[in-house]
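Treat the numbers as computed from the prediction; the structure is a model and nothing was measured.
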Amino acid sequence: MDKPTAARRSATAAWALVITSVAGFMAALDNLVVTTALPSIRKDLGGALSDLEWTVNAYTLTFAVLLMFGASLGDRFGRRKLFITGLSIFTGASAAAALAPGINELIAFRAVQGVGAAIMMPLTLTLLSAAVPAERRGTAFGIWGAVNGLAVASGPLIGGSLTEHISWQWIFWLNVPLGLALIPLARLRLAESTAPNARLDGRGTVLISLGLFGVVFALVNATAHGWTSARVLSGLIGGAILVAAFVRHGMTARNPILPMRLFRGRQFTAINVSSSLMFAGMFGSIFLLSQFLQNVLGYSPTEAGLRMLPWTGMPMIVAPIAGFLSDRIGGRPVVAAGLALQAIGLGWFATILSTDVSYAAQLPALIISGAGMALFIAPATSLVMSSVAPSEQGIASGANNALREVGGSLGVAVLGSIFAAQGGYGSGTQFVDGLTPALWTGAAVLTVALVAALLLPGRSSGGRSGAAAEEDAPSLQPVA
């Protein structure tokens with residue numbers, strides 16, 4: 001390869017890394033930016049615990065159920081084109097959420113944000129994978145993971161600072177200038193690509209969307225209406241039937257949105273199970289802990305965000321190292337170590353909780369949990385992308401991100417239900433009574449995720465190698 005060609009490839013890879021990382025930052029930020037603003041949103045717009053859960057879940061659930069469809073749209077009509085479309089929807093919905101006059105309108109615009117993120121997010125990894133040589137993808141994914149980690153880190157802090165010093169609406173206005181800057185850059189700097197013979201699967205999208213909505217709807221309403229109420233039972237039973245129909249559809253349809261044959265691969269199955277469980281434990285815990293710091297310990301939104309940094313900020317430091325280690329020793333030991341640390345961190349938190357617990361007592365649990373999260377993110381991404389052929393990386397990325405977000409939604413719903421059943425907002429003691437069993441549940445979920453991660457194949461036997469992936473690279477067809 002001559003020097004000008006090498007320089008052009010390096011420039012293309014660099015721009016792809018910048019654009020996809022910032023877009024991923026925006027989508028990841030909106031998972032957590034709202035957490036430290038929840039008490040202010042509740043005070044300003046009203047609403048019960050279920051409304052606060054839907055303020056989070058309207059985004060994560062819509063994001064989750066449409067991710068695979070978003071990846072399919074990109075494969076069919078052009079990844080760059082759909083990436084820009086999703087980015088535009090996300091930016092517009094952010095502005096609308098900032099202008100929402102009530103809690104119901106806010107929840108609705110959060111759902112539209114999720115639609116935009118679902119189209120945009122899976123294509124970030126596909127576009128990045130196509131632009132970066134195979135031997136450098138682990139490092140690139142590590143940087144991408146670090147920037148997403150920065151979003152996780154800064155989400156509670158940014159949300160708290162903007163809420164306290166300006167207003168909670170500015171947690172959504174923040175996305176607008178970023179989106180407006182990225183749209184022309186993506187048009188000019190990203191190469192277009194499609195997948196051969198890509199097809200859309202409307203039936204599969206409807207089945208999984210309605211099925212997962214039914215399950216989460218039931219979980220969110222279980223405490224208020226009872227597990228035997230008509231709305232909860234109909235949501236659980238109807239949702240389960242639709243999810244089962246989606247699984248069968250993925251086994252029998254000609255071009256399903258998620259081919260169930262992918263789960264025949266041990267690496268693909270194990271890392272996706274681990275990812276969904278990890279996000280369930282993490283999201284459910286952060287949803288409650290951010291409120292604990294404000295409602296019980298009396299911290300301001302900014303102070304709460306700052307005190308969460310040892311947990312949420314650790315990916316900025318550790319994620320690039322985790323990506324480097326996964327390139328050298330394989331992803332399984334790094335992922336397993338991360339899950340073990342997260343489970344230990346949540347268990348530690350559950351043992352020291354009280355209405356007057358000092359920050360010094362919380363700090364070890366925050367650091368351990370943050371290091372565990374950081375060790376997981378980048379290697380998990382690399383394991384997913386290396387477990388399938390390049391022509392299926394869009395589907396794999398969408399499936400993995402969807403299962404992560406589904407896990408997050410279920411985590412918020414399940415841990416929120418446990419919290420409400422055992423405690424509540426009435427007093428600090430009630431809050432701690434509900435939070436303690438919820439955190440123990442989160443630690444148990446992460447332990448199960450660790451068991452799944454230990455089933456990952458070793459480096460010598462698992463997945464597709466970077467070289468093999470590179471050999472198939474022509475299946476990413478460039479178009480004008």
Side-chain angles (χ1 to χ4, degrees), residues 137-138 141-142 145 148-149 247 258 260-285 311 314-315 318-350 365 367-388 396-397 399-408 410-411 414-415 439-466 468-469:
R137 283 178 194 152
F141 289 147
N148 278 261
V247 172
L258 178 59
M260 291 298 139
R261 59 180 169 74
L262 293 179
F263 290 95
R264 296 173 188 165
R266 193 170 74 178
Q267 178 170 315
F268 184 84
T269 299
I271 194 58
N272 277 293
V273 171
S274 295
S275 294
S276 60
L277 292 174
M278 192 281 279
F279 271 65
M282 180 188 73
F283 268 69
S285 300
W311 182 354
M314 200 60 67
V318 180
I321 300 172
F324 176 83
L325 287 175
S326 70
D327 283 345
R328 296 300 182 273
I329 66 174
R332 180 173 66 175
V334 184
V335 162
L339 292 168
L341 288 175
Q342 277 213 80
I344 292 169
L346 285 186
W348 188 316
F349 231 124
I367 293 173
I368 291 169
S369 297
M373 179 173 65
L375 284 173
F376 182 89
I377 292 174
T381 300
S382 187
L383 284 167
V384 169
M385 299 299 277
S386 66
S387 68
V388 299
S397 172
N400 181 250
N401 279 285
L403 288 169
R404 288 182 178 191
E405 297 298 325
V406 167
L410 291 175
V414 171
L415 269 62
L439 290 183
W440 278 120
T441 302
V445 168
L446 286 162
T447 302
V448 177
L450 170 60
V451 173
L454 293 175
L455 298 177
L456 283 163
R459 188 170 188 179
S460 61
S461 61
R464 296 169 53 83
S465 67

So, for [X] and [Y], which heavy atoms are closest and what is the spacing to 0.1 Å?
X: Gly338; Y: Leu375; answer: CA-CB, 3.8 Å
X: Gln342; Y: Gly372; answer: CG-C, 3.7 Å
X: Ala452; Y: Ala270; answer: O-CB, 3.5 Å
X: Val335; Y: Ala380; answer: CG2-N, 3.9 Å
X: Leu446; Y: Met278; answer: CD2-CA, 3.6 Å
X: Leu277; Y: Val448; answer: CD1-CG1, 3.7 Å

Rounded to the nearest 0.5 Å, how far apart are [atom1] of [X] and [atom2] of [Y]?
X: Thr441; Y: Leu346; atom1: OG1; atom2: CG; answer: 10.5 Å
X: Leu455; Y: Leu450; atom1: CG; atom2: CG; answer: 10.0 Å
X: Leu415; Y: Trp440; atom1: CG; atom2: CH2; answer: 13.5 Å
X: Ile368; Y: Ile344; atom1: CD1; atom2: CD1; answer: 6.5 Å
X: Leu339; Y: Met282; atom1: CG; atom2: CE; answer: 11.5 Å

- Contact check, side chains of Leu403 and Ser275, non-hydrogen atoms, under 4.5 Å: no
- Quick one: are Ser369 and Trp348 in side-chain contact, heavy atoms under 4.5 Å? no
- Quick check: does any side chain N or O of Arg332 sit under 3.5 Å from a backbone N or O of Leu456, one acting as donor and the other as acceptor? yes
- Quick one: does Ser285's side chain have a donor or acceptor within less than 3.5 Å of a partner on Leu439's backbone? no
